[in-house]
K.L.:
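Have a look at the structure that comes next, please.
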Amino acid sequence: MKNKMFNLITMLIFSFWALMMFSCSSKDTPFIVSSPGITTHIVINDNEDELVKTAANLFSDDIFNVSGKRPEFTKQDDSKYLIKVGTIGINKDFDKVCKEAGIDVKKLQSQWEAYCIKVVTVSNESSLLVVGSTPRGTAYGLMELSRKIGVSPWYWWADVHPVKREIVSLPADLFLEDAPKVKFRGIFLNDEDWGLQPWAAKTFEPETGDVGPKTYAKIFELLLRLKANAIWPAMHDCTRAFFTYPDNIKMADKYGIWVGSSHCEPMLRNNVDEWHRWSPPIGERGDWNFDKNPEQITEYWKQRIDAAAQYDGIYTVGMRGIHDGSMPGGENIEEKVDILNRVLDTQRNLLTEITGSPITEVPQIFCPYKEVLQLYKAGANIPDDVTIMWADDNYGYIRQLSNEEERKRSGGAGVYYHLSYWGRPHDYLWLESIPVSLIWEEMNKAYHTNAKDVWIVNVGDIKPNEVGMNFFLDMAWNPDQFTPETLNSYYTDFAEKQFGKEHAEEIGEILQKYFQLGFSRKPENLGWNEVYPNNPIQDPEFSLFTNGDEVQQRIDAYDSLEKQVEELYAELPNQQRESFYQLVAYKVIGASNMNKKILYAYKSRVYAKQGRTSAGLYAQKAREAFEKIKQATSFYNDSLADGKWLHMMTYNPRNLPVFDMTPTGSYVPSDEYSGEIVPEGYSSANEVTSEVFSLPTFNSLTNRSYFVDVINKGIQPLKWEVEADDWIRVSKISGQTENEERVWVSIDWNLVPASDVVNSVVRFKLNGSVYPVNVEARKLKLEPNDKKLFVEDNGVVSIEAEDYTVLNNTTAGNWQTIQGLGRENDAVGAHPVTAKAFDVADAESTPVLSYDFFSTSNGEAKLYFYCIPTQPINEDYQLRFSVSIDNGDPIIVNAVLKEEMDENNPEWKNNVLNSVTIQEVKSKLQEQGNHSLKIRMIDPGVVIDKIEIWMKDKKNTYFGAAETLLEQKNTIK
C-alpha cells in the first residue's frame, strides 16, 4: 500500500513538474519522448512505405526498451506530444507541416536517402518531425533517434543493453539534416562455414536449418540501424542460395535493402549452390562456359531476373568461374575479352527486356577482382553506365582506383573491401585485425577518386568484425567526418556508444592497442606459413636476442592488455559484460593467447637447444595459452548470453596448422650444478670467441638498458651474483633461480667519469665461475634544442616517420600523420590522392618532411624506408618519394611491387603478412655531427612508417631498431 501511495505521489509531482516546464519558455523545454506522466504518440500515414512502418515499430520498441513505456501509434494529431513521421511527397498535409516548420523540402527531396529531424513547439504543443526524402531517408531518421535515446545498432548482435531511464527526452532545439555521401553501402556475408551458417542452422533458425529469413531479418535490421542499404548474401556451398527461400527477398524489401551478389555471381545467381541444381526447360544444362553454352546460361540468368525484377537489386555483370575462379573459355586474353564482351551484351539485353527500365536506370556493377582486372586492362568494353567496383588485394590495400578519364563515367565507381578473408597467402577468418586507420586510408583514396557509388565490405560472419564494420559503414555515410590525425578517437567514441562514458576512454585505448598489435602481425599469421598448400608453421621472425627481445616484448604487451581486459570485465555491471566480451574481451584474449601459444612454444624450442631448464616452463605456458583459447571460445558459445551464440565462434576455422598446438621443445636438466649467461646480442653462450661477452654500447643520449639472461641448466637451483662499478646499474645483484633470471644493465650518467668513452666489466658469478661482460658507455655532449633530434646509437639512427623535425606542406600537396597506421605507432601519408605527381626538381612546390639527426660515424650509409604496402592509386602513379641528406642530390625511392601483383607474387605475400615493404637506398655522410634528412613527395598514396639510417650492417629484426629520438632530459651539456 505504501509503495502504491509513493508511486502515486511521484507521478503527481512529475506531472506538476512537466506542466510547469511546458508553461515556461519553449526554447528551454526538452521534447519528452517518454515519461511516467506523459504519453507520446507517433503519427504516421497509412500510405507510407512498409520500410517506414518497420522503422517506426523498431523505434517504438527502442523507446519501450529504454523507458518501459511504448508510444501509441495514431493517424491524428490527438496529443500534445507528437512524433510526426513521413516521407516527402506521400502526404500533402505533412509536406505543408514541414514547410511551415522551416524545413527546406525542395533541398531535402533533391538528396538521396536524406532525412531531417526537427523539434517544433507551438502554443505549448511540441512536435518532433522526422522527414525523409525517400522511405529509406525517413527510416534512417528514426534510427538516428534510436541512437540519440541510447539504443546501439548492436543492441541485438552484440547484446548492448540500453540504459533504462524513466524520462527520455531530446533537446528543445534539436535540428538535424543529413544524407549519405556514398550511394550504396553494405556488407558481404562470406566464408560463413564456421560461424554464421552453423549458428543460424543449429541455434537461431533450426526450422530452416540454414541462413534463412529469420536470420536475414536480424541482419537487415542491423544494416538499417547502421544506415546501410545493400547486401551481398552468404554464398558458400554450406548455405543454400539466397533466392532458395522466397521470404529472404521479402525481408530485404521490408528493411529497405538492395540485394546484390559478389564478384563471381552474375545476375544475382549463386553459382556454387544453383548451377549444378538447375534444370533448363529444354535440353541439358551443359558446362559453365559461355563460349560453348550461351543459350542455357542465358536462360539461367533470365529466370533469376524474372524473379527479382520487382525488388531492389544491384546486378553484378560479367562472368567468372563457378566459385572465385577465372572465367572458363578462351585460349588467350584476347579471346577471353571477346567472350566477356558478349556476356555483357547478353546480360544487359536481359535486364532491359525483363525489368522494362532503361538500362541506365538499372544498378549494375562490374568488379575487376583478381584476374578480371587483367581483362579490364586488356580492353574489355565495360559500358559507361556500369559502376566499376574496384577491389582490394584481400588484405585491405586497394589494387587500383579510377584515373581521370574513368572518373567521368556516368556509372561511377565503387569498392569491394575485406575485413575477413579466406585464401593466399593465409586466411584471417578468426579475429578482427584491420584497424580503422587502414580502412580510412584506403577508402579515403577511393572517395576522393570518385568511388562514391557502391561500397561493400566483406565482414565474414559479422562477428567478430563489429568495430571495422561499424567504422566502414560510418565512413560510407560520411567520409568527411574523419580526419587522419584523430582516428584513434574512433575507438573511444565506439566504446562510449556501447558502454557509456565511464569506461569509454579505457576501452578505447584497449581497442587501439589491440588493433595496432594485430596490424603488425595478424594472429592467424603467426605461423609464418602459407595456404595452398597448407604448410607447417615456421619459426617467428621476431628477434629473441636483439632489439630488447621482440618476442618477450610482444608477449608482455598482449599480457598487459589481457589482464586489463579481465580486470575491467570484473568491474563492469552485469548488463555490460556480455557485450564487452563480444566486442572487446574475446578478441583480446584470443589474440593474446595465440601469441603466447606460438611465442612461448618458440622460446621453449630455442631454449631447449641452449640447454635452459626454462624450456619446460615455456612449453607449459604455451599449452596453457592453447587451453585458454579453447576455454574462451567455449564460454562464447556455451555460456555467453545464455547460449544465444552457440556455434557462432570457432578458434580454428579450416583447421589450419597455426590453430593447432604448436610443437614445443624439451630439455632434460643436468644432474650437476650448472648454469651460464646469455647477454643481449648473443643467441647462445657458445658464440663468444674472445672469452668475454660485450653488451651493445650505452649512449647517454638514448639512455638504453640491455639484458643479460642468467640461465640454469641443472636440477639444483642456481645461485648467482653480480659485481659492477658504481656507475653501472643492474636490476638485481644476486639471486637463486630454478629456471632463469633476466638482469637489466643500464648507466647512471651522473656518476660516469668525465670522458667521451668509458669502459668497464660487469662480472657474473655462478657455478664457481666468473662470466665477464664488457660495458662501453659513450657520454656525448649536445647543445639543448627545441626541435626533435635523432641520434646514432650502435650504428643506427632510427626514426618513426610521424616524429618529423620540420614539416613544409604546400598548396598542392601535404604530408599528413595517419594515427594508428604504423606497426608500432603512427605513419605519414602523401595527400591529396588527386594531386599530380610532383617533379623532384621543383623544390618550391614539393611538400617536405625534414628529420634532424646527429651521427657519431661518417662514410657510407644505408637508408631503409619502412612503408605500408599500399598499391599505386592507378597506372598514372607509382609509389615514389625522393630523399636527400644535407641538401645532397635527391635519390628516388619507389615502394611499388617489382612485379605486378597477383596472389602468387612472393614480394606481395611477404609485404601483406608483415604489413610493411622495406626499401633500401645508399647515401653518404661526409662527416660526423649534425645532419638533415629530407623526404620530398612525388606520388600521392605513399605511406611511410619508419626510417633507419645504418652506418654498419643492419640487424635482422622484425620491427627494426627502436627509435633513437633524443629527449631533452637526456641532453648533457
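For the single chain, residues carry numbers from 1 onward in sequence order. Side chains included, hydrogens not; waters and symmetry mates left out as well; all remaining heavy atoms used.
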K.L.:
Check this for me: does any side-chain nitrogen of one of Arg654 and Asp193 sit under 4.0 Å from a carboxylate oxygen of the other?
P.N.:
no

K.L.:
Report yes if some heavy atom in the side chain of Ile818 is under 4.5 Å from a heavy atom in the side chain of Val828; otherwise report no.
P.N.:
no

K.L.:
Between the main-chain N or O of Thr633 and the side-chain N or O of Asn637, is there a donor-acceptor pair closer than 3.5 Å?
P.N.:
yes

K.L.:
Would you say the side chains of Asn593 and Lys628 form a donor-acceptor pair under 3.5 Å?
P.N.:
no

K.L.:
Measure the OG1-CH2 distance between Thr650 and Trp194 for me, rounded to the nearest 0.5 Å.
P.N.:
9.5 Å

K.L.:
Among residues at least two apart in sequence or on other chains, which ones pass salt bridge (Lys or Arg N to Asp or Glu O under 4.0 Å) with Glu802?
P.N.:
none

K.L.:
Does this structure show an ion pair linking Lys227 with Glu144, if we count only N-O contacts that are shorter than 4.0 Å?
P.N.:
yes

K.L.:
Say whether, by atom type as modelled, one donor and one acceptor occur between the side chain of Arg577 and the main chain of Ala570 under 3.5 angstrom.
P.N.:
yes

K.L.:
Consider only side-chain N and O atoms of Gln498 and Ser152, and report whether a donor and an acceptor are under 3.5 Å apart.
P.N.:
yes

K.L.:
Apply ring pair (Phe, Tyr, Trp, His ring centres under 6.0 Å) to the pair Tyr369 and Trp390, showing each step before the final yes or no.
P.N.:
CA-CA 7 Å; Tyr369 180 71; Trp390 303 111; over 10 Å; no

K.L.:
Grab the two heavy atoms, one from Glu524 and one from Trp430, that are nearest each other, plus how far apart they are.
P.N.:
OE2-N, 3.0 Å

K.L.:
Quick one, Trp455 with Phe184, criterion ring pair (Phe, Tyr, Trp, His ring centres under 6.0 Å). Give me CA distance, side-chain angles, the key distance, then yes/no.
P.N.:
CA-CA 6 Å; Trp455 285 16; Phe184 296 115; over 10 Å; no

K.L.:
Do NZ/NE/NH1/NH2 and the carboxylate oxygens of Glu205 and Lys214 come within less than 4.0 Å?
P.N.:
no

K.L.:
Can you check whether Tyr490 reaches Trp440 side chain to side chain, under 4.5 Å on heavy atoms?
P.N.:
no

K.L.:
Does Glu550 form a side-chain hydrogen bond (donor to acceptor under 3.5 Å, both in side chains) with Asn547? I'd like the steps, not just the answer.
P.N.:
CA-CA 6 Å; Glu550 292 179 333; Asn547 208 27; 2.9 Å; yes

K.L.:
What I'd like to find out is whether the side chain of Glu442 reaches to under 4.5 Å of the side chain of Tyr397, using heavy atoms alone.
P.N.:
yes

K.L.:
Are Leu419 and Asn458 packed together at the side-chain level, in the sense that at least one heavy-atom pair is separated by less than 4.5 angstrom?
P.N.:
no

K.L.:
Working note: Trp477 + Tyr140, criterion side-chain contact (heavy atoms from CB on, under 4.5 Å); need CA distance, chi angles, decisive distance, verdict.
P.N.:
CA-CA 11 Å; Trp477 183 267; Tyr140 297 147; 3.7 Å; yes

K.L.:
With a 4.5 Å heavy-atom cut-off, do Leu511 and Val584 have their side chains touching?
P.N.:
yes

K.L.:
Please confirm whether the backbone N or O of His236 pairs with a side-chain atom of Glu192, one donor and one acceptor, at under 3.5 Å?
P.N.:
yes

K.L.:
In a check of side chain to side chain contact (heavy atoms under 4.5 Å, CB included) between Lys587 and each of Val565, Val467, Ile510, which one passes?
P.N.:
Val467

K.L.:
Ignoring hydrogens and geometry, is there a side-chain-to-backbone donor-acceptor pair from Gln197 to Cys238 under 3.5 Å?
P.N.:
yes

K.L.:
Could you pull out all residues at least two apart from Asp392 that satisfy side-chain contact (heavy atoms from CB on, under 4.5 Å)?
P.N.:
Asn394, Ile398, Tyr417, His418

K.L.:
Between Tyr600 and Tyr618, what is the ring plane arrangement, given parallel below 30°, perpendicular above 60°, and tilted in between?
P.N.:
parallel

K.L.:
Show your working on side-chain contact (heavy atoms from CB on, under 4.5 Å) between Ile868 and Leu821 and close with a plain yes or no.
P.N.:
CA-CA 8 Å; Ile868 303 303; Leu821 188 52; 4.2 Å; yes

K.L.:
Are any of the side-chain nitrogens in Glu530 or Arg424 under 4.0 Å away from the carboxylate oxygens of its partner?
P.N.:
no

K.L.:
Determine, step by step, whether Arg605 and Thr662 satisfy the side-chain hydrogen bond (donor to acceptor under 3.5 Å, both in side chains) criterion, reporting the C-alpha distance in whole Å, the side-chain angles of both residues, the deciding distance to 0.1 Å, and the verdict.
P.N.:
CA-CA 10 Å; Arg605 296 193 301 271; Thr662 312; 5.9 Å; no

K.L.:
Could you check if a side-chain atom of Phe242 sits within less than 4.5 angstrom of a side-chain atom of Tyr216, using non-hydrogen atoms only?
P.N.:
yes

K.L.:
Checking Tyr581 side chain against Ala632 main chain: does a donor-acceptor pair fall under 3.5 Å?
P.N.:
yes

K.L.:
Passes ring pair (Phe, Tyr, Trp, His ring centres under 6.0 Å), Trp157 versus Trp645? Steps please.
P.N.:
CA-CA 10 Å; Trp157 275 95; Trp645 301 111; 5.8 Å; yes

K.L.:
How are the rings of Trp199 and Phe204 set relative to one another: parallel (under 30°), tilted (30 to 60°) or perpendicular (over 60°)?
P.N.:
parallel

K.L.:
Output the distance between atom CG (Leu473) and atom CZ (Arg185), rounded to the nearest 0.5 Å.
P.N.:
8.5 Å

K.L.:
Taking NZ, NE, NH1 and NH2 as the nitrogens, is one of them in Lys621 or Glu624 under 4.0 Å from a carboxylate oxygen of the other?
P.N.:
no

K.L.:
Backbone N or O of Gln564 within a donor-acceptor pair of the Glu567 side chain at under 3.5 Å?
P.N.:
no

K.L.:
For Asn65 and Asp62, run side-chain hydrogen bond (donor to acceptor under 3.5 Å, both in side chains): C-alpha distance rounded to whole Å, both residues' side-chain angles, the deciding distance at 0.1 Å, then the answer.
P.N.:
CA-CA 5 Å; Asn65 289 331; Asp62 293 341; 4.5 Å; no

K.L.:
Please test Asp638 against Leu646 for side-chain contact (heavy atoms from CB on, under 4.5 Å), starting from the C-alpha separation and ending with a verdict.
P.N.:
CA-CA 6 Å; Asp638 301 331; Leu646 180 62; 3.2 Å; yes

K.L.:
Return the CG to CG distance between Asn470 and Asp493, rounded to the nearest 0.5 Å.
P.N.:
9.0 Å

K.L.:
Looking at Glu627 and Lys630, does any basic side-chain N land under 4.0 Å from a carboxylate oxygen?
P.N.:
yes

K.L.:
Only counting residues at least two apart or in another chain, list the ones meeting ring pair (Phe, Tyr, Trp, His ring centres under 6.0 Å) with Trp528.
P.N.:
Phe542, Tyr958

K.L.:
Examine distances only and state if a side-chain atom of Ser604 and a backbone atom of Gly665 form a donor-acceptor pair shorter than 3.5 Å.
P.N.:
yes

K.L.:
Are side-chain heavy atoms of Asp660 and Ile537 found at a separation under 4.5 Å?
P.N.:
no

K.L.:
Counting only N and O atoms by type, is there a donor-acceptor contact under 3.5 Å from the side chain of Gln582 to the main-chain atoms of Glu578?
P.N.:
yes

K.L.:
Just checking, Lys644 and Trp156: is the charged tip under 6.0 Å from the six-membered ring centre and within 45° of the axis?
P.N.:
yes

K.L.:
Please determine whether side-chain contact (heavy atoms from CB on, under 4.5 Å) holds for the pair Asn825 and Asp803, giving the CA-CA distance in whole Å, both sets of side-chain angles, and the decisive distance to 0.1 Å.
P.N.:
CA-CA 10 Å; Asn825 294 289; Asp803 289 334; over 6 Å; no

K.L.:
Ser489 side chain to Thr486 main-chain N or O, any donor-acceptor pair under 3.5 Å?
P.N.:
yes

K.L.:
Any chance you could measure Glu502, atom CD, to Glu496, atom CD, to the nearest 0.5 Å?
P.N.:
12.0 Å

K.L.:
For the residue pair Phe220 and Tyr255, does the interplanar ring angle fall in the parallel (under 30°), tilted (30 to 60°) or perpendicular (over 60°) class?
P.N.:
tilted

K.L.:
With a 4.5 Å heavy-atom cut-off, do Phe659 and Met594 have their side chains touching?
P.N.:
yes

K.L.:
Working to the nearest 0.5 Å, report the span between NZ of Lys463 and CE of Met649.
P.N.:
7.0 Å

K.L.:
One thing to verify: whether Arg823 and Glu800 come together as a salt bridge, which I'm taking to mean a side-chain N less than 4.0 angstrom from a carboxylate O.
P.N.:
no

K.L.:
In Å, rounded to the nearest 0.5 Å, how long is the span from OG of Ser915 to OH of Tyr866?
P.N.:
14.0 Å

K.L.:
Without swapping roles, check the side chain of Asn914 against the backbone of Val916 for a donor-acceptor pair under 3.5 Å.
P.N.:
no

